Every structure is written in C-alpha cells, then in structure tokens.
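Below: one structure, written as structure tokens.
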Amino acid sequence: MAVKFRILVINPGSTSTKVSLFDDETSVFEKNLFHDSSVLLQFPHINDQIPFRRGVIMEALKAEHIDPVTIDAYVGRGDGAHTQPGGVMQIDQRLYDDTVACVGGSVHPAKLGVMLAWQFGQEFKKPSYTLNSTNVDEYNELARLTGIKGVYRVAHTHVLNQKAVAEYHAEKKLGKRYEDCNFIVAHIDGGITVGAHEKGRIIDASMGADGEGSFTPTRIGSVPVLELLDYIDKHSTADVRLKCARAGGFVDLFGTSNSDTIHALVDKGDRKATLVWNTMIYQICKMIGVQSVVLCGKVDGILLTGGLMRFADIIEGITKRCGFIAPISVYPGEMEQEALGLSVLKVLRGEATARTYTGEDVWQGFADIDL
C-alpha cells in the first residue's frame with residue numbers, strides 16, 4: 001500500500017534531540033541524539049539553540065537520505081506559551097510568537113519543538129502541529145494556591161509522555177479506559193516530574209523546571225526558600241533560573257548531565273556519586289508519596305518511565321519505598337514519538353480535529369476570591 005502521509009517528529013529535551021520519521025503508522029527511523037550540558041550551556045538562552053538543533057535534525061535526515069520536501073507535516077513537542085487544554089494543536093503564527101517570547105513564564109527545551117516544527121513548515125509549505133505541551137493545564141483548584149497572595153503553582157510537567165504511558169497502560173495492561181483509572185506517573189530522565197492522573201486528567205504534578213520536586217541531571221528541584229535567598233544574595237536570580245532549567249543537579253554537582261558517567265562512579269563505590277544518586281531516588285519516592293495522597297490512596301498503578309529507567313537500582317529503590325502504594329510498572333524510555341506522530345496522523349486523515357491556540361491561559365485566577 002502506498003504511503004499517504006509522511007510525518008517528522010521533533011522532540012527537544014534537556015539533554016537530547018529525538019527525531020523520528022513516520023510513513024503513516026510505520027516508524028521509518030528514530031534517533032536519540034544526546035547533547036552534553038557543556039555543549040548546550042554555550043548558548044545564553046534556550047532560543048539560541050535553534051540553529052544547533054536544526055543542524056542536528058538536518059544531519060539526521062541527510063544520513064537517512066530523506067528530502068524535507070517529501071514530508072507532509074512537522075510535529076514538535078511544546079512549551080512556553082499560554083496554558084492550553086490537552087490534545088493536538090495546530091501551530092500558527094500566534095502560538096509560535098508566544099512560544100518564542102515564552103509568555104507562559106517557563107523556559108523548557110520542549111519549546112524548541114514548536115519553534116522548529118513551525119520554521120520547517122513555513123520553509124517547506126507544510127502544516128505543523130504540537131501535542132500535550134508541558135504546560136497543559138488540568139489542575140484542580142487545590143493544586144494552585146500558595147501562602148503568598150498572587151503567587152500560584154502552575155501546570156508544568158511531562159504531560160506528553162505521562163499521558164501516553166498512562167493511556168497505553170490503561171488500555172493494553174488493564175483493559176480499561178484511561179478516563180476510568182487513577183495513576184501516579186513518574187517521568188525520570190534529564191528532567192523528572194511526577195503527576196497524579198485522576199480519571200484522565202493530571203490534577204496535580206511536580207513542576208520539573210521551576211524549582212520543585214527531585215533534583216535531576218540538569219535541575220535543582222526543591223530548595224529551602226531561605227537558603228535559596230542566601231544563595232541569590234551571593235550570586236543572582238539569573239544564575240538560579242539557569243540552574244532550575246539547565247545547569248542544576250548533576251551539572252552543578254559534577255559538571256556533567258551524563259547519567260551514565262555518574263552511575264559508573266556509583267558502580268565503583270564513589271562516596272559522592274553514591275550519595276547524590278541515592279538522594280535523587282529518595283526525593284523521587286517522596287514525590288510519589290505526595291501524589292498518592294492527592295489521589296486519596298486510590299491508585300491503580302505507579303508507572304515509571306523515562307530514559308533513567310535503564311538503571312535497575314532506581315527501579316529497585318522506588319519499589320522498596322513505594323511498592324505498598326500500588327503495583328509498579330516500568331516503561332523504559334518514553335512513548336512521546338509515537339504519541340506525537342500517530343496523533344497528528346489522525347488529524348491528517350480527518351479522524352480527529354486539531355485545536356486552535358487561544359492565546360489565553362486555561363485558568364484565569366480566583367476571580368471570585370481576593371487571593
């Protein structure tokens with residue numbers, strides 16, 4: 001059967017650029033191109049990485065003898081614009097501009113997916129899309145408020161992979177609809193987030209690049225506020241912002257975001273590496289425990305996913321501390337490429353409709369209360 005639609009998937013992460021090509025449902029190739037922090041930190045702002053990441057993508061296409069002109073649609077992971085509902089969204093000029101300007105406040109490498117997909121689409125006169133950006137907002141009201149008037153927790157997590165894994169587990173492993181299940185999903189990679197999925201909605205989650213949750217290969221995680229203020233006095237808010245998203249965690253503690261390098265030290269019995277590694281696991285477990293309370297203990301499964309699931313000791317550590325909460329299932333790597341490609345395929349076939357970017361946040365604040 002002749003191929004009808006060719007789709008290029010662009011998925012920039014904190015330590016890699018994943019590129020996949022689909023001919024209809026068939027994956028032609030998938031490449032996970034690692035970038036060490038020493039390379040990415042050469043760029044003052046994440047937006048400055050566009051030429052570098054574009055070059056990586058073009059080289060991947062060239063190596064596979066793929067002419068970009070033959071591609072029917074470009075789809076990129078997203079972040080940085082105003083919060084939106086879940087689902088496929090067509091990238092237009094307003095979404096592109098808001099992503100570039102990062103009007104949503106968060107600076108995550110995922111935003112480059114929207115920017116690159118739009119630029120490729122414009123150059124080759126093809127449509128571009130995104131799916132389940134990191135700032136999809138499905139929070140319940142209790143997840144938003146803080147103890148400071150006018151300061152709120154925002155929706156910013158690994159929505160794309162968390163939802164893809166949860167939907168797969170519900171359907172393929174439990175024989176149920178995602179909308180009928182409660183899950184805790186932990187995405188564990190260069191960035192780490194843990195979400196509470198209640199009946200098809202992520203009602204609360206840790207904010208991966210905003211200074212919340214476990215520290216990671218590239219991020220600081222939660223830090224005591226007063227200690228952080230003392231640190232800022234000696235450094236700068238710009239330094240802390242960089243450490244929240246790209247230069248914290250392993251990068252600050254070891255000078256590299258390469259988890260294989262750190263784990264090799266753990267295997268050799270290095271005291272520093274072992275303490276840091278086990279603390280990261282400990283903090284992930286604390287986040288899982290928090291989300292179990294959000295779901296009132298009614299959890300159908302704890303789903304572990306992400307690139308660091310290649311390390312057995314992380315799985316063992318989480319199972320030891322969290323196995324009593326619910327059955328634990330492991331999905332190494334991620335399901336983001338398939339979710340991006342196949343969801344857009346349905347749109348191209350007319351089986352689904354893409355959303356239009358509204359340019360406004362899902363949640364507009366506590367309009368009826370002075371908070």
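Small disclaimer: the values here were computed from a predicted structure and weren't measured.
- A salt bridge does not link D72 with K4: every distance from a Lys NZ or Arg NE/NH1/NH2 to an Asp or Glu carboxylate oxygen is 4.0 Å or more.
- Between the side chain of D79 and the backbone N or O of A110, no donor-acceptor pair lies under 3.5 Å.
- Of the possible donor and acceptor atoms, one in the side chain of N135 sits under 3.5 Å from a partner among the backbone N and O of A81.
- Residues H187 and E334 have side chains that never bring a donor and an acceptor to within less than 3.5 angstrom of each other.
- E167 places no side-chain N or O within donor-acceptor distance of the main-chain N or O of Y178, the cut-off being under 3.5 Å.
- More than 12 heavy atoms of other residues, nucleotides or ligands shown are found within 6.0 angstrom of CD on E351.
- Under the 30°/60° scheme for interplanar angles, the aromatic rings of Y231 and H235 are found to lie parallel.
- Judged by distance alone, with hydrogens and angles left aside, the side-chain atoms of T305 form a donor-acceptor pair with the main-chain N or O of G333 at under 3.5 Å.
- A salt bridge is absent between D67 and R6: the closest approach of a Lys/Arg side-chain nitrogen to an acidic carboxylate oxygen does not fall below 4.0 angstrom.
- A donor and an acceptor atom, one from each side chain of H82 and T358, are nowhere located under 3.5 Å apart.
- In this structure, Y168 and Y331 have perpendicular ring planes: the angle between them is above 60°, well past the 30° mark.
- The number of heavy atoms from other shown groups lying within 6.0 Å of CG (L226) does not exceed 12.
- No hydrogens or angles considered: nothing links the side chains of Y74 and Q119 as a donor-acceptor pair under 3.5 Å.
- F366 and W363 have perpendicular rings, their planes meeting at more than 60° on a 0 to 90° scale where under 30° would count as parallel.
- Residues V39 and F52 meet the side-chain proximity criterion, which asks for heavy atoms closer than 4.5 Å.
- For the pair T146 (side chain) and I148 (backbone), a donor-acceptor distance under 3.5 Å is present.
- Between L116 and P12, the shortest heavy-atom contact is CD1-CG, 4.5 Å.
- Side-chain N or O atoms of R53 include one that pairs as donor or acceptor with a backbone N or O of S16 at under 3.5 Å.
- Between R153 and D210, none of the side-chain N atoms (NZ, or NE/NH1/NH2) sits under 4.0 Å from a carboxylate O, so this pair counts as no salt bridge.
- For R355 against P85, the heavy-atom pair with the smallest separation is CZ-CB, 3.6 Å.
- Across all non-hydrogen atoms, the minimal contact from D48 to F43 is O-CD2, 3.4 Å.
- Looking at D230 and K234, no side-chain N of the basic residue comes within less than 4.0 Å of a carboxylate O on the acidic one, giving no salt bridge.
- For the pair Q84 (side chain) and Y357 (backbone), a donor-acceptor distance under 3.5 Å is absent.
- At most 12 non-hydrogen atoms from other residues, nucleotides or ligands lie less than 6.0 angstrom from OH of Y282.
- Contact record, S257 with F250: CA-CB, 4.5 Å, taken as the closest heavy-atom pair.
- At a cut-off of 3.5 Å, with distance as the only test, a side-chain donor of H263 or D313 sits close to an acceptor on the other residue.
- Listed for the K18 side chain is no donor-acceptor partner under 3.5 Å among the backbone atoms of G13.
- The nearest pair of heavy atoms linking R219 to P109 is NH2-CD, 4.1 Å.
- Between the side chain of D189 and the backbone N or O of G307 there is at least one donor-acceptor pair closer than 3.5 Å.
- Minimum heavy-atom separation, S206 to I192: OG-O, 4.3 Å.
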